[in-house]
There are 2 protein chains.
Amino acid sequence: MGKAGTKGVSRTDRERQIVDVAVEEFGRHGYASVSVAAVARRAGISKPLVYSYFDSKDGLFLACVHRVGALLADAVAGAGSRRGSTGHALDTLSAIFTAVEHCRHAWSVLYDPALPPSGEVRDAVSLYRGRLAAMGAAGAAGLLTRAGHDDPLDHELLNGVWQYAVTAVMRWWSEHPEQSAAAMTARCARLLTALGTG
Amino acid sequence: MGKAGTKGVSRTDRERQIVDVAVEEFGRHGYASVSVAAVARRAGISKPLVYSYFDSKDGLFLACVHRVGALLADAVAGAGSRRGSTGHALDTLSAIFTAVEHCRHAWSVLYDPALPPSGEVRDAVSLYRGRLAAMGAAGAAGLLTRAGHDDPLDHELLNGVWQYAVTAVMRWWSEHPEQSAAAMTARCARLLTALGTG
DNA sequence: GCGAATTGACCTTCGGGTAAATTACCTTCG
DNA sequence: CGAAGGTAATTTACCCGAAGGTCAATTCGC
């Protein structure tokens with residue numbers, strides 16, 4: 001639109017705003033389908049400004065990964081810790097819901113299945129996924145050992161299923177924006193008790 | 001590599017072979033990250049031949065969707081039908097495992113989350129997803145009503161979680177090619193019983 | 001005026017898509 | 001049975017738009 005020249009927005013503020021937009025775009029459409037120009041447009045600025053602050057598309061995505069990775073890891077680490085796998089799962093989900101209530105596509109950024117198959121981006125994503133998996137599904141281990149199963153591959157698979165289940169819940173939530181975090185927690189509580197009595 | 005001219009492969013055979021390759025590529029990397037040239041290269045032919053048979057990238061993807069959609073829908077429709085949600089889920093999973101044992105990326109083609117957000121492709125995918133959801137998670141409805149929950153949104157969400165859980169299992173399987181379909185069924189049986197006793 | 005913020009215009013690569021030419025198979029007629 | 005010609009299979013070379021990435025200029029706050 002307007003000519004060149006500063007608009008009085010500090011670099012820090014602008015970076016935060018760009019990452020806000022980028023998280024939503026990446027979370028909604030996936031890494032491969034989002035163009036830097038689209039992010040710039042939706043942020044109301046021009047493409048070279050994005051490159052000036054983040055160097056490359058990967059750099060922008062990395063910033064998003066660190067943003068949402070820290071947010072989610074902190075939330076899960078600080079979650080309540082009831083005993084019993086159902087209670088533990090609910091505590092974890094509740095912590096995630098409240099953490100991303102104003103940034104609902106955060107989870108999908110970390111669990112975008114169409115990432116570049118190698119490189120720095122993949123490494124950073126794997127790092128945060130690993131942390132979330134270790135914490136969130138530590139309860140799953142107890143669940144399996146209590147049932148007498150100790151195959152490590154079983155644990156690995158249950159871990160993957162747990163993370164994809166959370167992904168499903170998050171995507172459903174993005175499509176039902178009227179639902180509050182508390183309502184989501186209650187809903188998941190109903191589902192989990194129903195599963196336990198199946 | 002060689003010059004032009006037919007190699008004596010009929011259109012029908014070639015189409016089947018191209019779709020074989022394309023299903024694997026689309027399933028592994030996702031719609032947006034796969035180029036028609038890559039599919040052609042891995043099939044040992046040239047790009048214009050693909051366009052000559054499938055018109056466009058969307059046309060090629062549509063062929064893949066119909067291939068795997070029919071395969072999966074038939075498998076689930078013909079699955080055993082034990083009573084009880086655990087038995088029903090296991091029957092469904094077992095049918096899917098044996099159906100796609102030689103085509104393990106089939107499921108991921110239908111559940112690629114980075115599809116174009118509208119258009120014919122999306123419609124076809126939604127059609128098959130709907131069929132699979134209706135059949136596969138009819139059991140989920142029983143599970144919820146038995147537990148006294150009748151919120152239709154709960155059903156919708158449980159449906160989504162079920163489909164993503166299956167997606168997780170399928171992706172794990174793609175990364176563990178040494179596992180047989182029977183082994184996967186047994187593994188899922190262990191997980192489901194462990195869940196029931198949680 | 002100096003530096004930070006910001007942009008229009010440009011370059012380059014990649015991927016979807018196309019046109020025309022080449023080769024081989026199959027029919028048909030002498 | 002063999003030559004002519006149509007048709008199907010296949011490729012090389014190309015076009016074009018979109019997206020990643022860069023440069024130099026311009027404007028504002030201090």
Side-chain angles (χ1 to χ4, degrees), chain A residues 1-22 25-26 28-64 112 114-121, chain B residues 1-22 25-26 28-64 112 114-121:
Chain A
M1 305 253 216
K3 303 290 192 74
T6 180
K7 294 173 183 166
V9 181
S10 79
R11 170 165 187 157
T12 314
D13 288 353
R14 199 58 102 184
E15 282 180 347
R16 199 166 44 77
Q17 177 208 355
I18 294 173
V19 172
D20 284 347
V21 171
E25 288 287 296
F26 283 130
R28 196 186 288 275
H29 307 295
Y31 175 85
S33 305
V34 170
S35 75
V36 177
V39 172
R41 203 179 325 124
R42 283 213 34 194
I45 59 177
S46 72
K47 190 172 63 158
L49 187 56
V50 179
Y51 279 96
S52 151
Y53 288 163
F54 297 96
D55 292 334
S56 65
K57 183 180 181 178
D58 279 22
L60 175 59
F61 191 78
L62 267 181
C64 296
D112 181 350
L115 294 182
S118 64
E120 197 179 355
V121 167
Chain B
M1 292 287 150
K3 304 290 190 70
T6 180
K7 292 172 185 167
V9 182
S10 79
R11 171 166 188 158
T12 313
D13 288 353
R14 198 58 102 185
E15 282 180 347
R16 198 167 42 79
Q17 177 207 354
I18 294 174
V19 172
D20 284 346
V21 171
E25 289 288 295
F26 283 130
R28 196 187 288 276
H29 308 294
Y31 175 85
S33 304
V34 171
S35 74
V36 177
V39 172
R41 201 179 326 122
R42 283 212 35 192
I45 59 177
S46 71
K47 190 172 63 159
L49 188 55
V50 179
Y51 279 96
S52 149
Y53 288 163
F54 298 96
D55 293 334
S56 66
K57 182 179 182 179
D58 279 21
L60 175 60
F61 191 79
L62 266 181
C64 296
D112 180 351
L115 294 182
S118 64
E120 197 180 354
V121 168

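Chain naming here is simple, since letters A, B, ... match the order of the sequence lines and numbering starts at 1 in each.
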Chemist: Given the ring of Y51(B), does K57(B) sit roughly above its face, with NZ or CZ under 6.0 Å from the centre of the six-membered ring and within 45° of the axis?
Modeler: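 No, K57(B) does not lie over the aromatic ring of Y51(B).
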Chemist: Figure out the NE2/P separation between H29(B) and dG15(C), and round it to whole Å.
Modeler: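 In whole Å, dG15(C) P lies 13 Å from H29(B) NE2.
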Chemist: Is the phosphate of dT7(C), meaning OP1 or OP2, less than 4.0 Å from a side-chain N or O of S46(A)?
Modeler: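 The answer is yes; a side-chain N or O of S46(A) sits under 4.0 Å from OP1 or OP2.
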Chemist: Is there a donor-acceptor contact under 3.5 Å from the side chain of E25(B) to the main chain of A38(B)?
Modeler: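 Pair absent, no side-chain N/O of E25(B) close to backbone of A38(B).
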Chemist: If I take atom CG from residue L62(B) and atom CZ from residue F54(B), how far apart are they, to the nearest 0.5 angstrom?
Modeler: 11.0 Å
Chemist: Kindly say if K3(B) contacts the phosphate of dT11(D), meaning a side-chain N or O under 4.0 Å from OP1 or OP2.
Modeler: no
Chemist: Which residue, S35(B) or P48(A), contacts DNA chain C at a nucleotide closer to its 5' end, judged by nearest heavy atom?
Modeler: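 The residue closer to the strand's 5' end, by nearest nucleotide, is P48(A).
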Chemist: Could you check which nucleotide pairs with dG30(C) in any of the strands shown, counting Watson-Crick or G-U wobble with both distances under 3.5 Å?
Modeler: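 Per the H-bond distance test, dC1(D).
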Chemist: Looking for any heavy atom pair under 4.0 Å, which part of the strands does K47(B) touch: base, sugar-phosphate only, or nothing?
Modeler: base
Chemist: With a 4.0 Å cutoff (strictly under), does any side-chain N or O of R14(B) reach OP1 or OP2 of dT10(D)?
Modeler: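 For dT10(D), OP1/OP2 do have a side-chain N/O of R14(B) under 4.0 Å.
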Chemist: Is the backbone N or O of Y31(B) less than 3.5 Å from a side-chain atom of D112(B), with the two atoms forming a donor-acceptor pair by type?
Modeler: yes
Chemist: Can you name the one residue among I45(B), V19(B), I18(B) that meets side chain to side chain contact (heavy atoms under 4.5 Å, CB included) with Y53(B)?
Modeler: I18(B)
Chemist: Measure the distance from CG on L49(B) to P on dT12(D) and round it to the nearest whole Å.
Modeler: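 Answer to the nearest Å: 12 Å.
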Chemist: Quick check for you: among dT27(D), dT23(C), dT10(D), whose closest atom lies nearest to any side-chain atom of S52(B)?
Modeler: dT10(D)
Chemist: Measure CD1/I18(A) against P/dA5(C) and give the value in whole Å, please.
Modeler: 11 Å
Chemist: What is the distance, to the nearest angstrom, from the CG atom on L60(B) to the P atom on dG16(C)?
Modeler: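 Taking CG of L60(B) and P of dG16(C), I get 10 Å after rounding.
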Chemist: With a 4.0 Å cut-off on heavy atoms, is Y53(A) in touch with a base, just the backbone sugar-phosphate, or nothing at all?
Modeler: sugar-phosphate
Chemist: Which part of the nucleic acid, if any, lies within contact of V50(A), taking any heavy atom under 4.0 Å across all strands shown: a base, the sugar-phosphate backbone alone, or nothing?
Modeler: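 Touches nothing.
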Chemist: With the side chain of R11(A) defined as its heavy atoms from C-beta on, choose the nearest nucleotide among dG17(C), dG21(D), dA5(C).
Modeler: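 Of the options given, the side chain of R11(A) lies nearest dA5(C).
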Chemist: Taking the side chain of K7(A) as its heavy atoms from C-beta onward, which of dG21(D), dT7(C), dT10(D) lies nearest to it?
Modeler: dT7(C)
Chemist: Rounding to a whole Å, what distance do you find between Y51(A):OH and dG21(D):P?
Modeler: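 In whole Å, dG21(D) P lies 4 Å from Y51(A) OH.
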Chemist: Of the candidate nucleotides dA25(D), dT10(D), dG16(C), which contains the atom at the shortest distance from the side chain of A4(B)?
Modeler: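 The closest nucleotide is dT10(D).
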